[in-house]
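Scroll down for the structure; my scribbles are underneath it.
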Amino acid sequence: MTADIPPERNTWVAKESTVTETVLAIGAHPDDEVLGPGGTLAKHADAGDDVHALIVTEGTTTQYDDDSFVEQKQVAARACANRLGLEDVRFGDLTDMKLDVTAHVEVNAVIEETVEAVEPDIIYTHSPHEVNNDHVAVYESTLVAARPGSGVGRIYAYETPSSTEWVGGDRRQFSPDRYVDISEYVDTKVDAFHEYDMEVREFPHPRSEQAIRARATSRGVEAGFEAGEAFSLVIAREEEI
């Protein structure tokens, strides 16, 4: 007797892998790398993968009239990376909140330099469906830096709280097709984010601890996990199947 086959769903659930890979997370600003794929990065590191982060802008000068915040955020980024188990975090130092008026080739060059140095198999980057133009610029430059011949096998786009979900009207919305179980890494993600103490907000802001946990629960439920992170596949290049 043949068992009934459940209806096919447009959802791919990440499975454990024994292959060690090199992973690069790219964020426009300090804290994007943890707010988006933080739990997944910690899980990669725990599995023995070589995990790196690149923060493209200095993340402060347009918002705060105090240059000392640049160093403060870099210190926070290193502490956050340490909690997540990352090998290192690199800084592009481009001007915050101005990537949409920065020459495209300049943004490309920052990301290309790190891709060439790290040689990632997997890249996590911003979604193009964002209200923050810096995020969109990083997405577009990631595609240039990770074009065929770069050695990059897969690119996933992540959602960024207080940007991705604020895309409204008839604009295309973030639509995930990959879910990662981070049930054992939610506390790690939250603790890592708290290293950016100047970015933590009170609930119900999306960058509050309660909201981060609520999002993880919601995304997890979509895939049958207690907690999850959601991604959309941008490109996959496979030499073997």
Side-chain angles (χ1 to χ4, degrees), residues 5-19 21 23-27 31-49 51 53 80-81 83-86 121-132 135 139 154-168 172-196 199-236:
I5 299 175
E8 189 173 304
R9 295 179 59 201
N10 186 27
T11 298
W12 180 78
V13 177
K15 296 182 179 180
E16 299 292 339
S17 173
T18 57
V19 178
E21 296 182 291
V23 178
L24 174 62
I26 303 174
D31 80 5
D32 290 337
E33 80 286 3
V34 62
L35 285 171
T40 299
L41 298 184
K43 189 167 186 175
H44 272 296
D46 203 28
D49 291 337
V51 188
C80 175
R83 284 189 179 272
L84 294 176
L86 276 56
D121 302 298
I122 302 171
I123 289 179
Y124 293 96
T125 192
H126 286 288
S127 166
H129 313 302
E130 302 267 354
V131 298
N132 191 305
H135 296 180
Y139 168 82
R154 281 167 285 160
I155 304 173
Y156 296 105
Y158 59 81
E159 58 185 339
T160 312
S162 73
S163 178
T164 316
E165 75 273 32
W166 289 348
V167 173
R172 183 176 174 183
Q173 307 292 309
F174 176 76
S175 180
D177 52 18
R178 182 196 185 211
Y179 294 83
V180 176
D181 183 353
I182 64 162
S183 303
E184 298 181 6
Y185 297 92
V186 175
D187 289 343
T188 302
K189 175 173 182 166
V190 169
D191 290 345
F193 175 58
H194 274 287
E195 295 291 349
Y196 291 107
E199 297 299 332
V200 178
R201 300 292 185 266
E202 295 295 324
F203 185 77
H205 194 282
R207 294 203 307 273
S208 63
E209 177 176 339
Q210 298 97 315
I212 291 170
R213 291 184 183 277
R215 183 183 298 272
T217 299
S218 176
R219 288 307 193 187
V221 167
E222 292 173 13
F225 304 141
E226 291 184 7
E229 286 176 340
F231 304 91
S232 60
L233 175 66
V234 178
I235 190 71

- Item | Stepwise side chain to side chain contact (heavy atoms under 4.5 Å, CB included) check, E229 with Y158 | CA-CA 8 Å; E229 286 176 340; Y158 59 81; over 6 Å; no

- Per side-chain contact (heavy atoms from CB on, under 4.5 Å), V23 is matched among T40, I123, L41, D121 by L41

- Hey, are H135 and S127 close enough side-chain-wise for a donor-acceptor pair under 3.5 Å? no

- Short side-chain to backbone donor-acceptor contact, S208 and H205, under 3.5 Å: yes

- Centroid-centroid distance, F231 to Y124, less than 6.0 Å: yes

- Item | CD/Q210: more than 12 non-hydrogen atoms of other groups inside 6.0 Å | yes

- Task: State whether a side-chain donor-acceptor pair under 3.5 Å links Y185 with D46.
- Result: yes

- Which atom names give the shortest non-hydrogen contact between R172 and V167, and what distance separates them? O-CG1, 3.8 Å

- How close do T188 and A42 get, heavy atom to heavy atom, and via which atoms? CG2-CB, 4.0 Å

- E184/K43 salt bridge by N-O under 4.0 Å criterion: no

- Note on the structure: Taken to the nearest 0.5 Å, the spacing of S163 OG from H126 NE2 works out to 8.0 Å

- Task: Mind checking the CZ-CD spacing from R201 to E209? Nearest 0.5 Å is all I need.
- Result: 15.0 Å

- Please confirm whether the backbone N or O of G36 pairs with a side-chain atom of K189, one donor and one acceptor, at under 3.5 Å? yes

- Query: Roughly how far, to the nearest 0.5 Å, is the CG atom of N132 from the CH2 atom of W166?
  - Reply: 10.5 Å

- Item | Sub-4.5 Å side-chain heavy-atom contact between Y156 and V234 | no

- Query: Within the distance-only criterion (no hydrogens, no angle test), does the side chain of E130 pair as donor or acceptor with the backbone N or O of T164 below 3.5 angstrom?
  - Reply: yes

- Message: Can you confirm whether F225 sits close enough to I182 that some side-chain heavy atom of one is under 4.5 Å from a side-chain heavy atom of the other?
- Response: no

- Item | Polar side-chain atom of E222 near backbone of G220 as donor-acceptor pair, under 3.5 Å | no

- Message: Run the side chain to side chain contact (heavy atoms under 4.5 Å, CB included) test on I155 and T125 for me, step by step, so that the C-alpha distance in whole Å, both residues' side-chain angles and the decisive distance to 0.1 Å come before the verdict.
- Response: CA-CA 7 Å; I155 304 173; T125 192; 4.0 Å; yes

- Item | Residues R154 and E21 bridged, charged N to O under 4.0 Å | yes

- Task: Please name the pair of heavy atoms, one in V186 and one in A227, separated by the smallest distance, quoted to 0.1 Å.
- Result: CG2-CB, 3.4 Å

- Within a strict 4.5 Å, meaning less than it, do heavy atoms of the L233 and R178 side chains meet? no

- The reported gap from CG in D31 to OG in S162 (rounded to nearest 0.5 angstrom) is 7.5 Å

- Query: If you measure from the Lys or Arg side-chain nitrogens to the Asp or Glu carboxylate oxygens, is any gap between R215 and E159 under 4.0 Å?
  - Reply: yes

- Between V131 and E165, is any pair of side-chain heavy atoms under 4.5 Å apart? no

- Scanning both residues in full, the closest heavy-atom pair of P37 with A25 reads CG-CB, 4.4 Å

- Message: So, using side chain to side chain contact (heavy atoms under 4.5 Å, CB included) as the criterion, who are the partners of R83 when residues are at least two apart?
- Response: D191, A192, E195

- Message: Minimum heavy-atom separation for S175 and S232, please, with both atom names.
- Response: O-CB, 3.6 Å

- For the side chain of D49 and the backbone of V51, is there at least one donor-acceptor N/O pair under 3.5 Å apart? no

- Cation-aromatic face contact R207/F193, 6.0 Å, 45 degrees: no

- Message: Using every non-hydrogen atom in the two residues, find where A230 and F174 come nearest and quote the distance to one decimal.
- Response: O-CZ, 3.7 Å

- Drop me the distance from L86's CG to L24's CG, to the nearest 0.5 angstrom. 9.5 Å

- Item | Counterpart residues, side chain to side chain donor-acceptor pair (under 3.5 Å), relative to S218 (two or more places apart) | none

- Is the shortest heavy-atom distance from the side chain of H44 to the side chain of I122 under 4.5 Å? yes

